[in-house]
Asks: 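So that we are looking at the same thing, I have put the structure below in structure tokens.
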Amino acid sequence: MNFGYLVSAMRASLFITCYNDTLFPETGRAVVTLLERLGVELDFHPKQTCCGQMHANTGFRGEAFSQAKRLVRLYQDTETIVVPSSSCVAMIRDQYPGLIQELGNAELQQQFRALLPRIYELSEFLIDRLGVEDVGAYFPHRVVYHASCHGLRGIHLGDRPWRLMNKVRGMEQIALPNLDRCCGFGGTFSVKNAEVSSAMLAVKMQDVMSTGAEFCTALDNSCLMHLGGAMHRQYAGMKTIHLAEILASTEAAPAEALA
Amino acid sequence: MSHTANHPVLDPRFAQPFPKAVLPVLRNPQLRKNVAHAIDVIQAKRAKLVAEKTDWQELRTAASAIRTHALENLGFYLEQFEERCTAAGGTVHWAADAEEARKIILDILHAENASEVIKIKTMTSAEIQLNPFLEASGVKAYETDLAEIILQLGEEEPSHIVVPALHVNRSQVREIFSRTMGLKDLSDDPKELTNAARNYLRQKFLKIPTAISGANFLVAETGTVVVVESEGNGRMCLTLPKTMITLAGIEKVLPRFQDLEVMLQLLARSATGERMNPYNSLWTGVTPGDGPQRFHVVLLDNGRSSILAKKTERQTLKCIRCAACMNTCPVYRQTGGHAYGSVYPGPIGAILTPQLMQMHYAQSLPYASSLCGACYEVCPVKINIPEVLLELRSQVVNQERGKFVRFFDPMYLGLRVASVLFSRAWLFHTAQFFGGIGARLITRKDGWIHSMPSVGGKWTQTRDLRGFPSQTFHGWWAARGQQPSKEAK
Ligand code: SF4
């Protein structure tokens, strides 16, 4: 299928994020497949590393600032940046302003202000920038959507994920009870407060498993790593899959997770 | 002295770090069920009443503005309150810290020749450990709020700021009452339980002429003190005694009487899921022939002015103690309140307690959050709790990172190394390469890691981790040579 007519010569650069690069390259590949199918000319900056979230959230402000500065400089000439991770986008929108205000000079502040509106989370990019809801996906499975805290309350994705999911052919959606409750990941919280995190995970797993879905999806691989780790440990019979992979999936080229 | 009056007191100075303190709770099914059940009930009521209010967000904005303005001009409004309250016959005392507040209160009680005193629920008095102090000084304090009676008789500590006995269920209340009041045939019928409490209370109300209260608000414009409660026991305490002592944090002040319009709407809905609080008691100084004839207000600083001086942290003092943040908190839901080691548990406690302790104690509390943001979303005065948590975390790191023991702490070491790796792409890529090799050593045949060393073991104690993929994304991208993109042009 070719959706190139929808958006002629739209260009975007992919900020894959450090943990997706290392642990979930299939999500990155799916974003590439999906966006290129929609006619986006995709670029990838080879020098990218991390947004600084892990450091900022653990209290290492100086280190977080260095990474923020690096990211702003790296992308200062880039037109549009797509990020398949709402928590990293939330980091940039919520925490960069304070860090850069406090520790950056006027030039950096200026560069950041110019960059900020050009950064999109994946579902924002599809809906707000490309104006598409039906991305031509086919995924004939029972799926439950987990709304990550950063997507829900951090960057207010609203109904965007559902507008995209509703157009996926063959997919049956099952609503997650207590949708707005945290899964307990919280970055270094999951090891610093491992037992509380596990208790939160246990409660979330009850809700997720009660849906009887085959796949649990989200726009953040961090939550999915948490839930997926529990599913694997418990032989729960459910798998996790990033929404990008569902949206990239077609009859001709099904998602890698199905292989 | 972590133990006074034979039972542990919630004191951040002696509390275990949060990750340790939670362990017995997490293994206690009864307690977790009590907490989750009580919270679900309050949450459902709140959600309904918030939903029916079409101007909820405007009310929050107004409340936030009122509280911010009051704090930014706190000195002015406190002096105004003092002046108006004094003019109306009250006596205002200023206490720099807990010790001074306790001494002021004890001196007043001595002047009154009081050996007993009745109390309305006040978290601030728990903050300054007033009851054990009075007891040690020969004054017996009797709580009159139903939940506080349960705790006092059961020798328990509060676990919530609005529903202090939230962790105790009805059959446990029956056990406590029957044991301490000598009522062998008491059932767990709510009517019988309330009757037992009423009989116990009436004697105190009629007999003891001195009372201590907290305050929900102090109105600067009129010198009025406001206490809201649901039982009417507070009203008894405020009207029957001859002498009343009100203990209030200096942040409780509101500029104008009219501000109560906004605050009382938000507080009732947020705290108990009611449109209006059942009992709203307001009094200004002394009214001849009506109510207490001697009235003291003790204004407590106890670390508050140092919080006020800091830009990000200042918002902590906007709090109106509605507890909505803990009711929505997924951490509090699992742990209840005691693990926070402070009379202020939950998200507000996680930011308030370490600050009241000048960051000398309770350093584990800013980390007792997954930063899910639910607290900020419900807070009626819009305190950005996650933002303050992060600020406090950075203060903890600044305190700790120079210490020798932290040098080899896996978390500190890991984050320092990671920061270097993220500074150059080639370093990051080299680390990914060697990390991948290392991971392969511990990856099982099923492609997953079931057990990790060091801090990683904290992850694998309840979850697996998928093994590292053979190719990173950037490796894949480089190998692909951007072919399809060029086609798409
Ligand atoms: S921080 Fe906000 S939500 Fe929490 S108790 Fe205070 S006012 Fe209520």
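Chain naming here is simple, since letters A, B, ... match the order of the sequence lines and numbering starts at 1 in each.
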Asks: For a side-chain contact (heavy atoms from CB on, under 4.5 Å) check, start with the C-alpha distance between B:E391 and A:R61, then their side-chain angles and the critical distance, and finish with the verdict.
Replies: CA-CA 9 Å; B:E391 173 57 37; A:R61 273 178 86 80; 4.1 Å; yes
Asks: For a quick test of reading the model, state the closest non-hydrogen atom pair linking B:S370 to A:C182 and the distance between them.
Replies: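 So the minimum-distance heavy-atom pair works out to OG-SG, 3.1 Å.
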Asks: Need one label for A:H150: side chain, backbone, both or neither, based on atoms under 4.5 Å from any heavy atom in chain B.
Replies: side chain
Asks: Can you confirm if the aromatic rings of B:F473 and A:F44 lie within a centre distance of less than 6.0 Å?
Replies: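 Yes.
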Asks: What's the separation between atom OG1 in A:T49 and atom NE2 in B:H429, rounded to the nearest 0.5 Å?
Replies: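 Atom-to-atom, A:T49:OG1 and B:H429:NE2 are 8.0 Å apart.
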Asks: What are the two closest heavy atoms between B:C372 and A:R153, and how far apart are they?
Replies: O-NE, 2.8 Å
Asks: Kindly indicate whether the side chain of B:T460, heavy atoms from C-beta on, has any atom under 4.5 Å from the side chain of A:R233.
Replies: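 The answer is yes, as the side chains (C-beta and beyond) meet within the 4.5 Å cut-off.
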Asks: Can you tell me how the ring of B:W448 sits relative to the ring of A:H232, calling it parallel under 30°, perpendicular over 60° and tilted otherwise?
Replies: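 Plane angle under 30°, so parallel.
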Asks: Out of A:S190, A:S87, A:G186, return the one with the most heavy atom pairs under 4.5 angstrom to chain B.
Replies: A:S190
Asks: Do A:V32 and B:W477 come within less than 4.5 Å of each other through their side chains, counting heavy atoms only?
Replies: yes
Asks: If we define contacts as heavy-atom pairs under 4.5 Å, which of A:V203, A:T188, A:T33 has the most with chain B?
Replies: A:V203
Asks: Using heavy-atom distances under 4.5 Å, tell me whether B:T335 contacts chain A through its side chain, its backbone, both, or neither.
Replies: side chain
Asks: Heavy-atom cut-off 4.5 Å, strictly under: side chain, backbone, both or neither for A:E26 against chain B?
Replies: side chain
Asks: For A:Q67, is it the side chain, the backbone, both or neither that has a heavy atom under 4.5 Å from a heavy atom of chain B?
Replies: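 Only the side chain of A:Q67 comes within 4.5 Å of chain B.
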Asks: For A:C183, is it the side chain, the backbone, both or neither that has a heavy atom under 4.5 Å from a heavy atom of chain B?
Replies: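 Neither part, no heavy atoms under 4.5 Å.
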Asks: Among the options A:C18, A:G187, A:G62, A:A64, pick out the one with the most heavy-atom pairs lying under 4.5 Å from chain B.
Replies: A:C18
Asks: Write down the atom of B:A368, the atom of A:F189, and the distance for their closest heavy-atom approach.
Replies: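 Of all heavy-atom pairs spanning B:A368 and A:F189, the closest is C-CE1, 4.1 Å.
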Asks: Less than 4.5 Å to any heavy atom of chain B: does that hold for the side chain of A:L152, its backbone, both, or neither?
Replies: neither
Asks: Taking every non-hydrogen pair under 4.5 Å, which of B:F18, B:Y367, B:F468 racks up the most with chain A?
Replies: B:Y367
Asks: Over all heavy atoms of both residues, which pair between B:L415 and A:H55 is shortest? Give the atoms and the distance, please.
Replies: O-NE2, 2.6 Å
Asks: A:S197 versus chain B, heavy atoms under 4.5 Å apart: side chain, backbone, both or neither?
Replies: both
Asks: Over 60° means perpendicular and under 30° means parallel, so tell me whether A:H226 and B:W459 are parallel, tilted or perpendicular.
Replies: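 A:H226 vs B:W459 ring planes: tilted.
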Asks: Let me know if A:A56 has heavy atoms under 4.5 Å from chain B in its side chain, its backbone, both or neither.
Replies: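 The backbone, not the side chain.
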Asks: Ignoring hydrogens and angles, tell me if any N or O in the side chain of B:S394 forms a donor-acceptor pair with the backbone of A:G59 under 3.5 Å.
Replies: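 Not confirmed, B:S394 side chain does not pair with A:G59 backbone.
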Asks: Using non-hydrogen atoms only, which part of A:T58 is less than 4.5 Å away from chain B: side chain, backbone, both, or neither?
Replies: both
Asks: Is the closest side-chain heavy-atom distance between A:K192 and B:S364 below 4.5 Å?
Replies: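 They are not in side-chain contact.
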Asks: Within this structure, what is the CG-CG distance for the pair B:L390 and A:L99, rounded to the nearest 0.5 Å?
Replies: 9.0 Å
Asks: Over all heavy atoms of both residues, which pair between B:Q461 and A:A194 is shortest? Give the atoms and the distance, please.
Replies: NE2-CB, 3.5 Å
Asks: Side chains of A:Q95 and B:E387: any donor to acceptor distance under 3.5 Å?
Replies: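 Looking only at side-chain atoms, A:Q95 and B:E387 do not form any donor-acceptor pair under 3.5 Å.
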Asks: For a salt bridge (Lys or Arg N to Asp or Glu O under 4.0 Å) check, start with the C-alpha distance between A:E63 and B:R401, then their side-chain angles and the critical distance, and finish with the verdict.
Replies: CA-CA 13 Å; A:E63 285 82 352; B:R401 65 186 308 164; 2.6 Å; yes
Asks: Checking the side chain of A:D21 only, and the main-chain atoms of B:T472 only, is there a donor and an acceptor separated by less than 3.5 Å?
Replies: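 Such a contact is absent between A:D21 side chain and B:T472 backbone.
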Asks: When you measure from the side chain of A:N193 to the backbone N and O of B:S369, does any donor-acceptor pair fall under 3.5 Å?
Replies: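 Judged by distance alone, no pair lies under 3.5 Å.
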Asks: Set out, in order, the CA-CA distance, both residues' side-chain angles and the distance that settles side-chain contact (heavy atoms from CB on, under 4.5 Å) for A:E195 and B:K458, then state yes or no.
Replies: CA-CA 8 Å; A:E195 292 75 16; B:K458 286 279 184 183; 3.3 Å; yes
Asks: Looking at A:K69, I'd like to know if its NZ atom is crowded, meaning that more than 12 non-hydrogen atoms belonging to other residues, nucleotides or ligands lie closer than 6.0 Å.
Replies: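 Count not over threshold, so no.
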Asks: Does the side chain of A:T240 pick up a donor-acceptor pair with the side chain of B:R466 at under 3.5 Å?
Replies: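 Distance-only check fails for A:T240 and B:R466.
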Asks: If I take atom CZ from residue B:F428 and atom CD from residue A:Q48, how far apart are they, to the nearest 0.5 angstrom?
Replies: 8.5 Å
Asks: Does any non-hydrogen side-chain atom of A:S198 lie less than 4.5 Å from one of B:R463?
Replies: yes
Asks: Apply side-chain contact (heavy atoms from CB on, under 4.5 Å) to residues B:R393 and A:F60 and explain how you reach the verdict.
Replies: CA-CA 8 Å; B:R393 286 181 185 188; A:F60 289 70; over 6 Å; no
Asks: Side chain, backbone, both or neither: which part of B:A418 has a non-hydrogen atom closer than 4.5 Å to chain A?
Replies: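 For B:A418, the contact with chain A is made by backbone and side chain together.
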Asks: Walk me through whether A:V191 and B:M411 qualify under side-chain contact (heavy atoms from CB on, under 4.5 Å).
Replies: CA-CA 9 Å; A:V191 292; B:M411 182 84 73; 3.9 Å; yes
Asks: So which of A:G229, A:G228, A:A230 has the largest heavy-atom pair count under 4.5 angstrom toward chain B?
Replies: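 Among the listed options, the one with the most contacts to chain B is A:G229.
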Asks: Would you name the heavy atoms of A:M200 and B:V331 that are closest together and state the gap between them?
Replies: SD-CG2, 3.8 Å
Asks: So which part of A:R181 gets closer than 4.5 Å to some heavy atom of chain B, the side chain, the backbone, both or neither?
Replies: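 Just its side chain gets close to chain B.
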Asks: Most heavy-atom pairs under 4.5 angstrom with chain A, which of B:R416, B:Q471, B:H450, B:R333?
Replies: B:R333
Asks: Shorter than 4.5 Å, heavy atoms on both sides: which option in B:V22, B:L371, B:L392 has the most such pairs with chain A?
Replies: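 Among the listed options, the one with the most contacts to chain A is B:L371.
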Asks: Considering only heavy atoms and a distance below 4.5 Å, find which of B:D446, B:N398, B:L389 pairs most often with chain A.
Replies: B:D446
Asks: Mind checking whether A:M54 and B:F422 have side chains closer than 4.5 Å, heavy atoms only?
Replies: yes
Asks: Could you check which of B:T312, B:L23, B:V397, B:N384 has the highest count of heavy-atom pairs closer than 4.5 Å to chain A?
Replies: B:V397
Asks: Just wondering, more than 12 heavy atoms not from A:K47 lying within 6.0 Å of its NZ?
Replies: no
Asks: What part of A:I16 gets closer than 4.5 Å to chain B, counting heavy atoms only: side chain, backbone, both or neither?
Replies: side chain
Asks: Does any backbone or side-chain atom of A:L35 lie under 4.5 Å from a heavy atom of chain B? Answer side chain, backbone, both or neither.
Replies: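 Nothing of A:L35, per the 4.5 Å heavy-atom cut-off to chain B.
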